[in-house]
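I have placed the structure first, in the form of structure tokens, so that the comments after it can refer back to it.
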Amino acid sequence: MPELPEVEVVRRGLQGHVVGHRLDEVTLSGIRVARRHLPGPQDLTDRLRGTTALSARRRGKYLWLVLSSDEALVLHLGMSGQLLVEPNDAPLEKHCHAVFDLGADPLSQDHGVRRQLRFVDQRTFGGLQLTDLVPDRFAPGEVPAVVAHIAPDPLEAAFDQAGVVRAMRRRHTQIKRALLDQSLVSGIGNIYADEALWRARVHGERATDKLPSRTLREVLDHAHEVMVEALDQGGTSFDALYVNVNGASGYFERSLNAYGRQGLPCRRCGTLMRREAFMNRSSFSCPTCQRRPRRASGG
DNA sequence: ACGGAAACCTGCTGGC
DNA sequence: TGCCAGCAGGTTTCCG
């Protein structure tokens with residue numbers, strides 16, 4: 001599922017349709033969706049009931065609502081999570097795990113249509129938790145305690161590209177691993193990592209401590225660029241798994257140059273694209289544009 | 001500090 | 001038609 005652009009689309013939906021509303025009632029189905037809320041599901045619903053959403057924030061792939069109770073409701077979409085805002089009487093989705101009854105927005109002309117925010121997640125890797133806000137070590141302001149270990153993403157003002165490049169060059173690891181390390185730079189997942197590496201003509205197994213700083217900067221610039229382009233188009237989507245808060249699918253998948261293109265010609269040089277196993281999943285690259293490092297590893 | 005694998009889930013696809 | 005292996009955008013945790 002969602003990488004940064006998709007999560008940002010969802011955040012904007014929350015900002016427009018949930019912020020300003022009170023959470024009148026919260027209903028969880030099953031305990032798994034709140035498994036990361038250690039005090040338990042009952043505690044979660046009790047503490048949420050009656051609070052008002054003051055703002056919708058995001059860092060990388062983590063999303064949270066700042067609440068009037070001075071806490072944050074952290075949402076992670078995992079691989080297949082969706083947030084939908086729908087009328088109360090809309091049929092419940094098969095994999096709906098949490099329902100938030102929204103109070104009327106005092107500023108809207110809604111004429112009494114009551115809506116719900118619904119958390120729908122087929123594969124159930126996503127979830128909810130309520131946590132304190134703590135000082136952000138990367139920028140002025142606060143972040144939820146459970147997000148404190150996540151580095152700023154390339155779209156944030158707090159993103160320090162030079163600092164990330166320095167950290168990468170100190171580390172002996174593969175560039176793709178580094179791109180996926182959310183404590184180094186957040187928001188990048190398997191799709192956008194492959195897209196950024198293709199654009200930069202760099203193989204994902206290149207060692208970060210052997211690549212010139214200039215190349216690392218280029219990879220990060222491309223990651224930023226491809227995510228901005230995806231965001232402009234409403235995010236990437238596959239099948240019907242990803243839908244934003246209004247129910248509209250993104251369509252960036254038409255623009256992908258690397259991800260999922262094994263056996264198809266490279267859009268730059270025509271060489272057939274390859275697929276390689278990587279961290280229990282796949283990497284896609286061009287054998288001509290993205291030469292493997294001479295000595296295996298980088299790790 | 002790092003690599004690798006496993007774990008957490010459901011559903012879809014392709015091969016036999 | 002059915003069965004089974006393989007695969008899917010993420011994160012955490014454990015082991016070496």
Side-chain angles (χ1 to χ4, degrees), chain A residues 1-10 29-38 58-63 74-82 93-97 119-129 144 146-151 153 167-196 204-205 207-210 223 226-227 230-231 234-244 249-253 255-256 258-263 275-284 293 295-299:
Chain A
M1 117 75 314
E3 301 183 28
L4 184 154
E6 293 76 20
V7 180
E8 174 59 16
V9 170
V10 172
S29 54
I31 56 166
R32 187 170 159 76
V33 70
R35 67 194 180 285
R36 297 207 182 282
H37 186 74
L38 300 180
R58 181 189 58 72
R59 169 163 282 175
K61 304 167 196 170
Y62 282 83
L63 203 53
V74 176
L75 306 128
H76 198 291
L77 302 176
M79 294 273 244
S80 54
Q82 301 169 251
E93 291 75 11
K94 180 175 179 188
H95 297 289
C96 181
H97 302 296
F119 184 80
V120 177
D121 186 9
Q122 174 192 110
R123 291 177 68 187
T124 73
F125 289 159
L128 319 170
Q129 59 196 128
V146 299
V147 180
H149 66 296
I150 301 297
D153 63 66
M168 282 182 168
R169 298 202 82 234
R170 279 196 303 269
R171 207 180 273 201
H172 180 65
T173 190
Q174 299 173 359
I175 178 68
K176 184 164 173 181
R177 283 181 180 281
L179 290 175
L180 295 177
D181 183 343
Q182 306 294 302
S183 66
L184 196 54
V185 47
S186 70
I188 303 174
N190 205 33
I191 295 179
Y192 296 113
D194 279 5
E195 293 301 310
E205 291 177 22
T208 52
D209 54 353
K210 300 216 170 42
V226 71
M227 291 196 293
L231 186 51
T236 302
S237 85
F238 293 89
D239 308 318
L241 271 188
Y242 168 72
V243 182
N244 75 21
S249 284
Y251 52 92
F252 187 67
E253 74 269 20
S255 313
L256 296 178
Y259 188 83
R261 285 182 50 82
Q262 77 275 21
R275 171 185 176 281
E276 296 169 296
F278 171 80
M279 284 172 81
N280 275 341
R281 53 173 78 110
S282 303
S283 287
F284 302 91
R295 300 198 314 124
S297 137

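Reminder, nothing fancy here: chain letters follow the sequence lines and each chain counts from 1.
- B/dG11 sits 22 Å from C/dT11 when the P atoms are compared, rounded to a whole Å.
- Using a 4.0 Å cut-off, some side-chain N or O of A/His76 falls inside it from OP1 or OP2 of C/dT11.
- Summarising the geometry, the separation between CG on A/Asp153 and P on C/dG10 is reported as 14 Å, rounded to the nearest angstrom.
- Between the CG atom of A/Asp121 and the C1' atom of C/dG9 there is a distance of 12 Å, rounded to whole Å.
- B/dG3 sits 22 Å from C/dG9 when the C1' atoms are compared, rounded to a whole Å.
- For B/dT10 and C/dT1, the C1' atoms lie 22 Å apart once the distance is rounded to whole Å.
- Between A/Tyr192 and C/dG9 there is no side-chain N or O to OP1 or OP2 distance below 4.0 Å.
- By the 5.5 Å and 30° criteria, A/Phe125 is stacked with the base of B/dC8.
- When the P atom of C/dA8 is taken as reference, atom CD1 of A/Ile191 falls 11 Å away, rounded to whole Å.
- Computed from coordinates, the A/Phe278 CZ to C/dA8 P distance equals 13 Å when rounded to whole Å.
- Taking only side-chain atoms of A/His149, from C-beta outward, the nucleotide of C/dG10, B/dC2, C/dT12 with the closest atom is C/dT12.
- Interface remark: the A/Arg177 side chain does not form any donor-acceptor pair with the B/dG4 base, using a distance-only criterion of under 3.5 Å.
- Atoms CZ (A/Arg35) and C1' (C/dT12) sit 10 Å apart, rounded to a whole Å.
- At the phosphate of B/dG11, neither OP1 nor OP2 sits under 4.0 Å from any side-chain N or O atom of A/Arg123.
- Side-chain contact between A/Lys176 and A/Asn190: present, with at least one pair of heavy atoms (C-beta onward) separated by less than 4.5 Å.
- Between A/Lys61 and C/dG9, a side-chain N or O to OP1/OP2 separation shorter than 4.0 Å is absent.
- Remark: C1' of C/dT11 and CZ of A/Arg59 are 18 Å apart, rounded to the nearest angstrom.
- Mapping A/Met279 and A/Arg170 onto DNA chain B via the closest heavy atom, the residue that lands nearer the 5' end is A/Arg170.
- In terms of heavy atoms, A/Ile175 sits closest to A/Glu205 at CG2-N, 4.4 Å.
- Looking at A/Arg171, its side chain has no donor and acceptor atom pair within 3.5 Å of the base of B/dA1.
- Comparing B/dC8, B/dG11, C/dG9 by their closest approach to the side chain of A/Glu3 singles out C/dG9.
- Note on A/Arg32: every side-chain N or O is 4.0 Å or more away from OP1 and OP2 of B/dC8.
- Distances shorter than 4.0 Å separate none of the side-chain N or O atoms of A/Ser282 from OP1 or OP2 on C/dC7.
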Study note, to complete from the structure: Symbol by symbol from the 5' end, with Watson-Crick or G-U pairs under 3.5 Å, [ ] crossing and | another strand, DNA chain C is .|||||||.|||||||

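- Straight-line distance from the CG atom of A/Asn280 to the C1' atom of C/dT12: 14 Å, rounded to whole Å.
- Residues passing the ring pair (Phe, Tyr, Trp, His ring centres under 6.0 Å) test with A/His97, sequence neighbours excluded: none.
- Of the side-chain N and O atoms in A/Thr124, none sit less than 4.0 angstrom from OP1 or OP2 of B/dC8.
- In this entry the distance linking NE2 of A/His95 with P of B/dT10 reads 8 Å, nearest Å.
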